[in-house]
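These notes concern the structure reproduced below.
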Amino acid sequence: MADEAQITELSFEEALKELERIVSRLESGDAQLQEAIDLYERGDQLRRQCAARLDSAQARIEAIRTDAQGRAVGTAPFAAG
């Protein structure tokens, strides 16, 4: 539980960098089984944190609505998909 609290305090960029280091370590094949399991679990927590941060950022993006002449007439919430 303490690990999760520490992860939520990381910026998106910090969490992503740590996740990249974990992936590299796992891909190298040098980690012992227990270390690989621990790294995988930490990586999954970091992945979820990064995804949540991206979802939050995406929810704040607004698309500019335009009229027939292409002039901005307002904004609308971003709709992904």
Distance, nearest 0.5 Å, that separates CD of Gln45 from CD1 of Ile7
4.0 Å

Carefully, step by step, assess Gln49 and Thr8 under the rule side-chain contact (heavy atoms from CB on, under 4.5 Å).
CA-CA 7 Å; Gln49 176 65 16; Thr8 59; 3.8 Å; yes

Check this for me: Phe12, atom CZ, are more than 12 non-hydrogen atoms of other residues, nucleotides or ligands nearer than 6.0 Å?
yes

What residues, two or more places apart in sequence or in another chain, satisfy side-chain contact (heavy atoms from CB on, under 4.5 Å) together with Gln34?
Ile37, Asp38

Only distances under 3.5 Å count here; give the side-chain donor-acceptor pairs of residues 15-22 to other protein atoms, sequence neighbours excluded, each with its distance to 0.1 Å.
from, atom 1, to, atom 2, distance (Å)
Glu18, OE1, Arg42, NH2, 3.2
Glu18, OE2, Arg42, NE, 2.7
Glu18, OE2, Arg42, NH2, 3.1

Value for CG (Leu39) from CD (Gln32), rounded to nearest 0.5 Å, stands at 11.5 Å

Can you check whether Ser11's main-chain N or O pairs, donor with acceptor, with Glu14's side chain at less than 3.5 Å?
yes

